A.B. asks: 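Provided herewith is a single structure, encoded as structure tokens, for subsequent inquiry.
These numbers were taken from a predicted model, which means no experiment stands behind them. Letters go in sequence order (proteins before strands), and every chain restarts at 1.
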Amino acid sequence: MFHQLEEQLRASFAQFLSANYGLEAQVVVEQPKQSSFGEFALPIAFSLARQLRKAPKAIAEELVAKMPAIPGVAALEVAGNGYINVRLQRGHYARALLSGSAAALNPAAGKVIVEHTNINPNKAAHIGHLRNSVLGDTFVRMLRSAGRRVEVQNYIDNTGVQVADVVVGFHYLEKKPVEEVKALIAQPKFDYYCWDLYARTSQHYTANPEAIQWRRDTLHAIEHGEGTLAEIGHLVADAIVERHIDTMWRLAIAYDVFPRESEILHLKFWAKAFEQLKERKAVYLVEEGKNQGCWVMAASHFREGASEAASDDDAKVIVRSNGTVTYVGKDIAYQMWKFGLLGLDFHYKPLRVYPDGHQAWVATDEPCDLPAPAFGGGAEVYNVIDSRQSYLQDVVVAGLRALGYDKQAEHSIHFSYEMVALSPRTCVELGIPLSEEDRKRPYVEVSGRKGLGVKADDLIDKLIEKARAEVDSRHPDKAEAERVRVATQIAIGALRYFLLKFTRNTVIAFDLQEALSFEGETGPYVQYAAVRARNILRKLEERGGALPDFSQLDEAALARQLQAEDFWQLLIAASKSGSALDSALSSGEPAAMARYAFQLAQAFNAFYHDYPILAEENPEKRTFLLWLAVYFKEQLERTLDQVLGIPVPDYM
RNA sequence: GGGACCGUAGCUCAGCUGGAUAGAGCAUCUGCCUUCUAAGCAGAGGGUCGCAGGUUCGAGUCCUGCCGGUCCUACCA
């Protein structure tokens, strides 16, 4: 609604300027610094000052005087040195909201593919992985809320070095036969077991460099899919993927399809992509130098300013001299498949039915009887991958471009984000040893190899435990199962909000104390505002009342009530959810959406404190306040639950 | 060496394509629970927006240089 008016305003001014001054001006519509200035502010007079050679203030005054009436707008005012402030007709605006005459969504056509999570299936998920998943999942929810069709992919690197290292641990270090590994998999927390084993194997390599041969042998075995090593590799990877799915579902994060690296190889995705790359001369064979015998992509393809004659040594190796393909090479093939450019497809089998009935599929190399949806073939692709891999992502896009797929390269977006590190204080708390140097740093990087980090499940458990204590003390009369449910919802809210409140390119120095906080700018604060709105309505019912018929609030009544600035500001804030989604989406910042939710909650909390609705005796005002509470509740709940993936508890 | 990002209140961070008096949260201090739950509300203090130039009606925002910090620049991913 708010957004609609903004557009209308823009259009009206542009049209007026074009018709009366012959100017094709870009009309900027801002929101005033102070709400007392009105709902919109246009700095148009400033930009016209040069062209018209007149003082901005004079231009603004002239425009305001000549501008024909705009529906829904009460007044245009000149302020400051030449701002045009816009005030809306409050009753008219509220009536439109009440009767639900919202604009229909007009989403772009075409499927959006969002790839996120992508955790190496060799150990438990940690806090850094959570940032990826929460960002990706929230972005997916934002797109879907805007009406886009979205497919969520979680790519599994099940044949890589990291899986191989855990296999080395099982086979060479622990000398476990397949049966014992299977028994371990059946135990709970198999991902935690692998977390430690992976760290041990890494340490073993450091102490015994010759042991690296085990890794080579294992990688080779896994790639060919034969023998004990390969069998353990597949068992481990599949089992860990299941654990990751469990962990992410605790945060209401789900996937549609799991493409796997093993199928990229077995189904000849890479071979086909390689053919095309060679044909188009996107890659070439190096004759001499350090990259002798490798197929490489010239630096000029992916690096700004690199000259055509840049040396072979600067090029990116795509196929190693031993004939094996690098991860980037496989990623190019995968990216081509995502856009439907490869002419090949995976086979799929069902992997998991989520508790809500959603079916997730996994890629396989054998046909399956069950019909799977059509995956891949997206119009836009977002890869949620941390910023350290931007170089690799540039190479992937360069690959598409070199093949002549300019449009796809354009729509191939690296949705990058900075890493999650640990605050020194939290390291101490977790017993992680710090060097003198580390102590002075603002943060310490986590390391899977060293086994340093905060495991996702541990963090979620801690949050639930803390929320549980709060819920228990406030609601000792509620059934235990119910208290656990509410505590879990609060924990999810706290965690998701914490990971979303930072913009993407900010390094998060994870601080346990801060993450466990439920006060101030946190998920529980926002949830609490929604719960308060629910409490009002529940209390009304408990006292034998019922919601009045809001249609009796006509424009005049609404205008009367909305003379109160507090009410008007809350209504305006709540009606901005569509506008907030729009701008968060165009800037690609889920943090903006989280911030909006927080601001809306703040506005409501102040309102809640100042105006006891149920005690209101004036019938018109009471009806109006109840409507305001209901409208706020709807907007906030939609923003929390649908867009941010944060559940709203029944009570707190 | 080359590339990218960052530097805003004591701390952690917002600040959309340049716009009105630079904002939150935490921490500190002061008030407010017989009311729809205080996970809350109201208020106070706290800033040379790293430094120096430039662009213009106007710069935290754009350009250049410097200082400080981080990441990338693998036949790992």
A.B. asks: Rounded to the Å, how far apart are Phe46(A) CZ and A20(B) C1'?
C.D. replies: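 To the nearest whole Å, that distance equals 8 Å.
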A.B. asks: According to ring-ring contact (aromatic ring centres under 6.0 Å, His included), who are the partners of Tyr528(A), at least two apart in sequence or on a separate chain?
C.D. replies: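 Result, ring-ring contact (aromatic ring centres under 6.0 Å, His included) vs Tyr528(A): none returned.
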A.B. asks: Could you measure between the two P atoms, the one in U17(B) and the one in C26(B), and give it in whole Å?
C.D. replies: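 Straight-line distance between the two P atoms is 28 Å.
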A.B. asks: Only distances under 3.5 Å count here; give the side-chain donor-acceptor pairs of residues 621-630 of chain A to other protein atoms, sequence neighbours excluded, each with its distance to 0.1 Å.
C.D. replies:
unit_1    : atom_1 : unit_2    : atom_2 : d
Arg622(A) : NH1    : Leu614(A) : O      : 2.9
Thr623(A) : OG1    : Pro619(A) : O      : 2.9

A.B. asks: Can you check each nucleotide of nucleotides 69-75 of chain B against protein heavy atoms at under 4.0 Å and return B for base, S for sugar-phosphate only, - for none, in 5' to 3' order?
C.D. replies: -SSSS-B
A.B. asks: Using a 3.5 Å distance criterion without hydrogens, assess whether the side chain of His301(A) forms a donor-acceptor pair with backbone atoms of Gly399(A).
C.D. replies: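 Flag not set: sc His301(A) to bb Gly399(A) has no pair under 3.5 Å.
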A.B. asks: Between Thr201(A) and Asp165(A), do the side chains contain a donor N or O and an acceptor N or O under 3.5 Å apart?
C.D. replies: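 No, no side-chain donor-acceptor contact under 3.5 Å.
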A.B. asks: Using atom types as modelled and distance alone, determine if a side-chain donor or acceptor of His475(A) lies under 3.5 Å from a backbone N or O of Glu470(A).
C.D. replies: no
A.B. asks: What is the distance, to the nearest angstrom, from the CG atom on Asn122(A) to the P atom on A77(B)?
C.D. replies: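 Taking CG of Asn122(A) and P of A77(B), I get 14 Å after rounding.
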A.B. asks: With a 4.0 Å cutoff (strictly under), does any side-chain N or O of Thr506(A) reach OP1 or OP2 of A14(B)?
C.D. replies: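 Yes, such a contact exists.
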A.B. asks: Starting at atom CG of Asp331(A), determine the distance to atom C1' of A77(B), rounded to an integer number of angstrom.
C.D. replies: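 That distance rounds to 10 Å.
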A.B. asks: Checking one value: the base orientation of C33(B), syn if chi is within 90 degrees of 0, otherwise anti.
C.D. replies: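 Syn, which is what one calls it when the glycosidic angle falls within 90° of 0.
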A.B. asks: Is a side-chain N or O of Tyr497(A) found less than 3.5 angstrom from the main chain of Ala594(A), in a donor-acceptor match?
C.D. replies: yes
A.B. asks: Counting any heavy atom closer than 4.0 Å, what does Ala592(A) reach on the DNA or RNA strands: base, sugar-phosphate only, or nothing?
C.D. replies: nothing
A.B. asks: Expressed as a whole number of angstroms, how long is the span from Ile318(A):CD1 to A77(B):P?
C.D. replies: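 My rounded result for the distance is 11 Å.
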A.B. asks: So, OP1 or OP2 of C57(B): does either fall under 4.0 Å of a side-chain N or O from Asn81(A)?
C.D. replies: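 No, because none of the side-chain N or O atoms of Asn81(A) sits under 4.0 Å from OP1 or OP2 of C57(B).
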A.B. asks: Please name all residues satisfying salt bridge (Lys or Arg N to Asp or Glu O under 4.0 Å) with Asp472(A), sequence neighbours left out, ordered by chain then number.
C.D. replies: Arg468(A), Arg483(A)
A.B. asks: Output every pair passing salt bridge (Lys or Arg N to Asp or Glu O under 4.0 Å) with a member in residues 581-601 of chain A, not counting sequence neighbours, ordered by first then second residue.
C.D. replies: Glu521(A)-Arg595(A)
A.B. asks: Starting from the 5' end of RNA chain B, give me the residue, Val28(A) or Asn85(A), whose nearest nucleotide shows up first.
C.D. replies: Val28(A)
A.B. asks: Roughly, in whole Å, what's the span from CD1 in Ile44(A) to P in G18(B)?
C.D. replies: 14 Å
A.B. asks: Under the salt bridge (Lys or Arg N to Asp or Glu O under 4.0 Å) definition, can you give me all pairs with a residue in residues 527-537 of chain A, not counting sequence neighbours?
C.D. replies: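 Only Arg534(A)-Glu637(A), Arg534(A)-Asp650(A) qualify under salt bridge (Lys or Arg N to Asp or Glu O under 4.0 Å).
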A.B. asks: Roughly how far apart, to the nearest Å, are C62(B) and G18(B) at atom P?
C.D. replies: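 These two P atoms come out 9 Å apart once rounded.
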A.B. asks: For the P atoms, the ones on G53(B) and on G47(B), what distance do you get once it is rounded to whole angstrom?
C.D. replies: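 Those two atoms are separated by 23 Å.
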A.B. asks: Would you kindly compare Ser587(A) and Pro32(A) by the position of their nearest RNA chain B nucleotide and give the one closer to the 5′ end?
C.D. replies: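 On the 5' side of the pair lies Ser587(A).
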A.B. asks: Round to a whole Å and report the spacing from CD of Gln599(A) to P of C16(B).
C.D. replies: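 After rounding, the gap between these two atoms is 13 Å.
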A.B. asks: If we take the P atom in both C49(B) and U8(B), what is their distance in whole Å?
C.D. replies: 11 Å
A.B. asks: How far does the P atom of A39(B) sit from the matching atom of C33(B), given to the nearest Å?
C.D. replies: 15 Å
A.B. asks: Could you tell me the separation between the CZ atom of Phe502(A) and the C1' atom of C5(B), rounded to a whole number of Å?
C.D. replies: 17 Å
A.B. asks: Could you measure between the two C1' atoms, the one in G60(B) and the one in C6(B), and give it in whole Å?
C.D. replies: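 Their C1' atoms lie roughly 14 Å apart.
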A.B. asks: For a quick check, with a 4.0 angstrom heavy-atom cut-off, what is the B/S/- contact string for nucleotides 35-41 of chain B, read 5' to 3'?
C.D. replies: -BBSBBS
A.B. asks: For atom P, what is the distance between U61(B) and A77(B), given to the nearest Å?
C.D. replies: 41 Å
A.B. asks: Show me the side-chain donor-acceptor pairs of residues 33-47 of chain A shorter than 3.5 Å, one per line, residues at least two apart or across chains.
C.D. replies:
unit_1   : atom_1 : unit_2    : atom_2 : d
Glu39(A) : OE1    : Leu88(A)  : N      : 2.9
Glu39(A) : OE2    : Trp568(A) : NE1    : 2.9
Ser47(A) : OG     : Ile44(A)  : O      : 2.9

A.B. asks: Identify all stems in which RNA chain B takes part, counting only runs of at least 3 consecutive pairs (Watson-Crick or G-U wobble, each distance under 3.5 Å), and give each as one range with another, ordered by first number.
C.D. replies: B:1-7 with B:67-73, B:10-13 with B:23-26, B:28-32 with B:40-44, B:50-54 with B:62-66
A.B. asks: Using atom C1' of each nucleotide, how far apart are C72(B) and C16(B) to the nearest Å?
C.D. replies: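 Nearest-Å result for C72(B) against C16(B) at atom C1': 28 Å.
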A.B. asks: Among residues at least two apart in sequence or on other chains, which ones pass ring-ring contact (aromatic ring centres under 6.0 Å, His included) with Phe415(A)?
C.D. replies: Phe139(A)
A.B. asks: Starting at atom CD of Glu6(A), determine the distance to atom C1' of U17(B), rounded to an integer number of angstrom.
C.D. replies: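 So the CD-C1' distance, Glu6(A) to U17(B), works out to 13 Å.
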A.B. asks: What side-chain hydrogen bond (donor to acceptor under 3.5 Å, both in side chains) pairs are there with at least one residue in residues 325-334 of chain A, not counting sequence neighbours?
C.D. replies: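 Residue pairs passing side-chain hydrogen bond (donor to acceptor under 3.5 Å, both in side chains), neighbours aside: Gln153(A)-Tyr334(A), Glu261(A)-Lys330(A).
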A.B. asks: Tell me, please, which residues at least two apart from Tyr525(A) pass ring-ring contact (aromatic ring centres under 6.0 Å, His included).
C.D. replies: Phe598(A)
